[in-house]
There are 2 protein chains.
Amino acid sequence: MERLDAIDLKILRILQKDSKKTTKEVSELLNLSASPVYERIRRLEKNGYIRKYVALLDKRLVNKPITAVCMVSLRYHNEGFIEKFERQIKALKEVQECYHMAGKVDFFLKINLGDLDEYHEFVRLKLSKIENIGVLESYFVLKEMYSTTAYYF
Amino acid sequence: MERLDAIDLKILRILQKDSKKTTKEVSELLNLSASPVYERIRRLEKNGYIRKYVALLDKRLVNKPITAVCMVSLRYHNEGFIEKFERQIKALKEVQECYHMAGKVDFFLKINLGDLDEYHEFVRLKLSKIENIGVLESYFVLKEMYSTTAYYF
DNA sequence: CGTGAAAGACTTTGATC
DNA sequence: GATCAAAGTCTTTCACG
């Protein structure tokens, strides 16, 4: 797909904040009729600009009030070890995000749990069973001051 | 709102993975008719279980391929300082997430940018202008190994 | 709480400019 | 590319079990 024009960018800005806006509402915001907006959205989906549509839930109300960040360093760094680690992490349902980092720490994990006991069990029964972990540091979120899934452009 | 029953939980699991599923599709997955599913979804929205619906974009395609995590510690920790920091951070459009942490680091910031030059400018012109920052450590994401906005329950 | 049907709204297509 | 209108599909409401 060629470059996005100003209308495409506006559509993306709207939908990444509120994907329940109807084609009709978006077209009114842009002073267009529904059809071109409809076509552009389909094109943005097909070409991967829009990856997916999701509902964001309240973590407290679904009983996952605890968020922890684990910083992990591996003992050995051969490619095989990294891939194995990746596979093992993906199998852990508590892990919401896992990033391979540049720097003195190899991985950041973001974990969601119901309470601190669960975190203790998670580290004791799951994380610590993964071989090849050298250093493991845990941080807990006291307060989510700001959080969005949108990009600024 | 009282507790969620098994049907509510199933609806939430479906919508947090794909909010474009129609009421009709969800009702078929649950072997119900559309109306009760429609009503339950509205109730989950009204009671805050579903916070919002968003489109997730491809960060590379919208020219924000660089993700950095900044760990920040403040020099002074009075409440006034923390609130002021919070206000200043929220004004920075590059910051996608900001968490107040427990432990030896006060804040985690997640930053999205177009390239490393932009990161350099961001730190030089914006972050470093915020008073009261004691320690600032930057980490860069090499690879997003896994990432979801869904909770596992 | 669920079903089923009716009315209304939005999506989606296709002809036209 | 955009507009307009027609057809189709879902959403949304409501009477009823």
Side-chain angles (χ1 to χ4, degrees), chain A residues 1-64 148-153, chain B residues 1-64 148-153:
Chain A
M1 187 170 169
E2 345 64 57
R3 259 190 71 246
L4 302 178
D5 66 13
I7 296 174
D8 291 325
L9 292 175
K10 283 178 185 168
I11 291 173
L12 291 176
R13 284 190 200 104
I14 292 168
L15 294 181
Q16 75 175 162
K17 285 192 190 132
D18 178 8
S19 62
K20 271 288 147 63
K21 282 241 187 312
T22 63
T23 303
K24 191 168 175 257
E25 288 172 311
V26 174
S27 68
E28 280 159 9
L29 287 171
L30 303 181
N31 293 317
L32 283 173
S33 56
S35 325
V37 172
Y38 173 75
E39 278 219 346
R40 280 168 182 270
I41 293 174
R42 295 302 290 271
R43 184 167 43 87
L44 291 166
E45 290 167 355
K46 195 165 332 184
N47 290 301
Y49 288 83
I50 296 172
R51 290 196 298 113
K52 60 198 301 204
Y53 296 95
V54 300
L56 301 181
L57 307 185
D58 184 300
K59 68 180 176 185
R60 284 191 183 78
L61 293 179
V62 296
N63 291 314
K64 302 292 167 189
T148 178
T149 55
Y151 299 101
Y152 178 71
F153 55 84
Chain B
M1 187 169 168
E2 342 64 56
R3 259 192 69 248
L4 302 179
D5 66 14
I7 296 174
D8 292 323
L9 293 176
K10 283 179 187 168
I11 291 173
L12 290 176
R13 284 190 199 104
I14 292 168
L15 294 181
Q16 74 175 164
K17 285 192 190 132
D18 177 9
S19 62
K20 270 288 146 65
K21 283 241 187 311
T22 63
T23 304
K24 192 168 175 259
E25 288 173 310
V26 175
S27 68
E28 281 159 9
L29 286 171
L30 303 181
N31 292 317
L32 284 172
S33 56
S35 329
V37 173
Y38 172 76
E39 278 220 344
R40 281 167 181 271
I41 293 174
R42 295 302 290 268
R43 185 168 41 89
L44 291 166
E45 292 167 354
K46 194 165 331 185
N47 290 301
Y49 289 82
I50 297 173
R51 289 196 298 113
K52 60 198 301 202
Y53 296 95
V54 299
L56 300 181
L57 307 185
D58 184 300
K59 69 178 174 184
R60 285 191 183 76
L61 292 180
V62 297
N63 291 314
K64 302 291 168 191
T148 178
T149 54
Y151 299 100
Y152 179 72
F153 56 83

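Nothing here was measured: the structure is a model prediction, and the numbers come from that model. Proteins get letters first, then strands, A, B, ... in listed order; numbering begins at 1 in each.
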Looking at the side chain of B/Ala34, which of D/dT3, D/dT12, C/dG2 is the nearest nucleotide? D/dT12
Rounded to the nearest 0.5 Å, what separation is found between the CG atom of B/Leu12 and the CG atom of B/Leu44? 5.0 Å
If I take atom CD1 in residue A/Ile7 and atom P in nucleotide D/dG1, what distance separates them, rounded to the nearest angstrom? 10 Å
Tell me: OH of A/Tyr38 to P of D/dG1, nearest whole Å? 18 Å
What integer distance in Å separates B/Glu39:CD from D/dT11:P? 15 Å
Between the CG atom in B/Leu30 and the CZ atom in B/Arg40, the distance rounded to the nearest 0.5 Å is 8.5 Å
Would you mind reading off the distance between A/Asn31 atom CG and D/dG1 atom C1', rounded to a whole angstrom? 16 Å
Smallest heavy-atom separation, A/Arg13 atom then A/Phe153 atom, equals NE-O, 2.6 Å
Mind listing the residues from residues 10-27 of chain B sitting with a heavy atom below 4.0 Å of DNA chain D? Number order is fine. B/Thr22, B/Thr23, B/Lys24
Could you state the CZ-P distance from B/Arg43 to D/dT12, rounded to the nearest angstrom? 16 Å
Whole angstrom is fine here: how far is it from CD1 in B/Ile41 over to P in C/dG2? 13 Å
Among pairs that include at least one residue of residues 29-39 of chain A, which meet side chain to side chain donor-acceptor pair (under 3.5 Å), considering only residues two or more places apart or in two chains? A/Tyr38-A/Arg42
Under a 3.5 Å cut-off on both pairing distances, which runs of 3 or more consecutive Watson-Crick or G-U pairs involve DNA chain D? C:2-17 with D:1-16
Protein-nucleotide distance (A/Glu28, atom CD; D/dT3, atom C1'), rounded to Å: 15 Å
A/Arg42 atom CZ is separated from D/dG1 atom P, nearest whole Å, by 18 Å
Atom OH of A/Tyr152 with >12 non-hydrogen neighbours under 6.0 angstrom: no
